[in-house]
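So the structure is just underneath, and the comments pick up after that.
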Amino acid sequence: MDINEATAKALQAARAVSGLTFEELSAKSGVPVQTIYRIFGAKRDIKLPQLYALAQALGITVVELMEDAERIRQRARRADEQLADDIASNPDLYGLAANQDKNKELEAETPRD
């Protein structure tokens, strides 16, 4: 997950807590509603003045928002690592094509030089 995705998720959480609609957030922050849609969808890079205006409108600081975004990134990274570990330790549970190779046993028995 990149920083834009994590920041979008942090903004979504803050907006949910605030109870503001996108239109209300736009009016309160001065950020055009279409830009807000793109930011919340992680479809564009977030400019600092926009981030500041959105944070203020949501009643939080940019620092709080970025701390939340970093926690979201770390959580996603841990989840990805856990999934990779689970797949490595239980490959048959995940139905991966490599685990369904009919030649797997034959290749395992073939001597290597």
Side-chain angles (χ1 to χ4, degrees):
M1 172 176 302
D2 71 16
I3 192 63
N4 282 332
E5 291 172 300
T7 304
K9 287 184 182 287
L11 281 165
Q12 291 165 7
R15 187 181 74 84
V17 169
S18 76
L20 293 173
T21 65
F22 286 114
E23 291 75 17
E24 292 167 335
L25 182 56
S26 175
K28 202 168 178 182
S29 67
V31 177
V33 74
Q34 288 301 323
T35 300
I36 291 175
Y37 289 141
R38 286 189 209 97
I39 289 171
F40 275 64
K43 304 271 189 253
R44 65 173 295 165
D45 289 342
I46 305 169
K47 295 176 182 170
L48 189 55
Q50 293 171 337
L51 187 62
Y52 180 79
L54 291 169
Q56 276 198 316
L58 293 167
I60 59 176
T61 67
V62 172
V63 171
E64 290 170 320
L65 187 62
M66 295 313 297
E67 286 173 344
D68 288 346
E70 187 54 32
R71 277 192 289 277
I72 290 166
R73 283 185 72 197
Q74 289 173 357
R75 198 174 315 127
R77 192 174 318 124
R78 283 193 304 270
D80 289 347
E81 289 169 359
Q82 182 62 47
L83 179 59
D85 289 346
D86 288 349
I87 291 171
S89 62
N90 302 301
D92 294 331
L93 296 177
Y94 290 89
L96 300 174
N99 297 327
Q100 299 170 5
D101 184 357
K102 294 177 179 147
N103 295 318
K104 186 169 143 181
E105 287 88 26
L106 181 60
E107 288 173 0
E109 295 170 7
T110 304
R112 305 215 184 259
D113 295 331

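By convention here, the first residue in the shown sequence is residue 1.
- Across every non-hydrogen atom of G19 and E24, the tightest pair is O-OE1, 3.9 Å.
- I60 and I72 end up in different hydrophobic clusters when Ile, Leu, Val, Met, Phe, Trp and Tyr side chains are linked at under 4.5 Å.
- Residues M1 and R73 share a closest heavy-atom pair of O-NE, 3.5 Å.
- Taking 4.5 Å as the limit, some side-chain heavy atom of S29 sits within range of a side-chain heavy atom of I36.
- Taking CD from E70 and CD1 from I3, the interatomic distance works out to 6.0 Å, rounded to the nearest 0.5 Å.
- Closest non-hydrogen pair, S26 versus V31, comes out as OG-O, 2.6 Å.
- In this structure, the separation between OG1 on T7 and CD on Q12 is 10.5 Å, given to the nearest 0.5 Å.
- Residues R78 and E81 are not paired through a salt bridge, judged by the lack of any N-O separation under 4.0 Å between the basic side chain and the carboxylate.
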Atom pairs and distances, side-chain donor-acceptor, residues 38-58, under 3.5 Å, sequence neighbours left out:
| residue | atom | partner | partner atom | Å |
| --- | --- | --- | --- | --- |
| D45 | OD1 | N4 | ND2 | 2.6 |
| Y52 | OH | Q56 | NE2 | 3.0 |

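- Evaluation of the ring-ring contact (aromatic ring centres under 6.0 Å, His included) test over residues 66-91, restricted to residues two or more places apart or in two chains, returns none.
- Linking Ile, Leu, Val, Met, Phe, Trp and Tyr residues whenever their side-chain heavy atoms come within less than 4.5 Å leaves V17 and L11 in two separate clusters.
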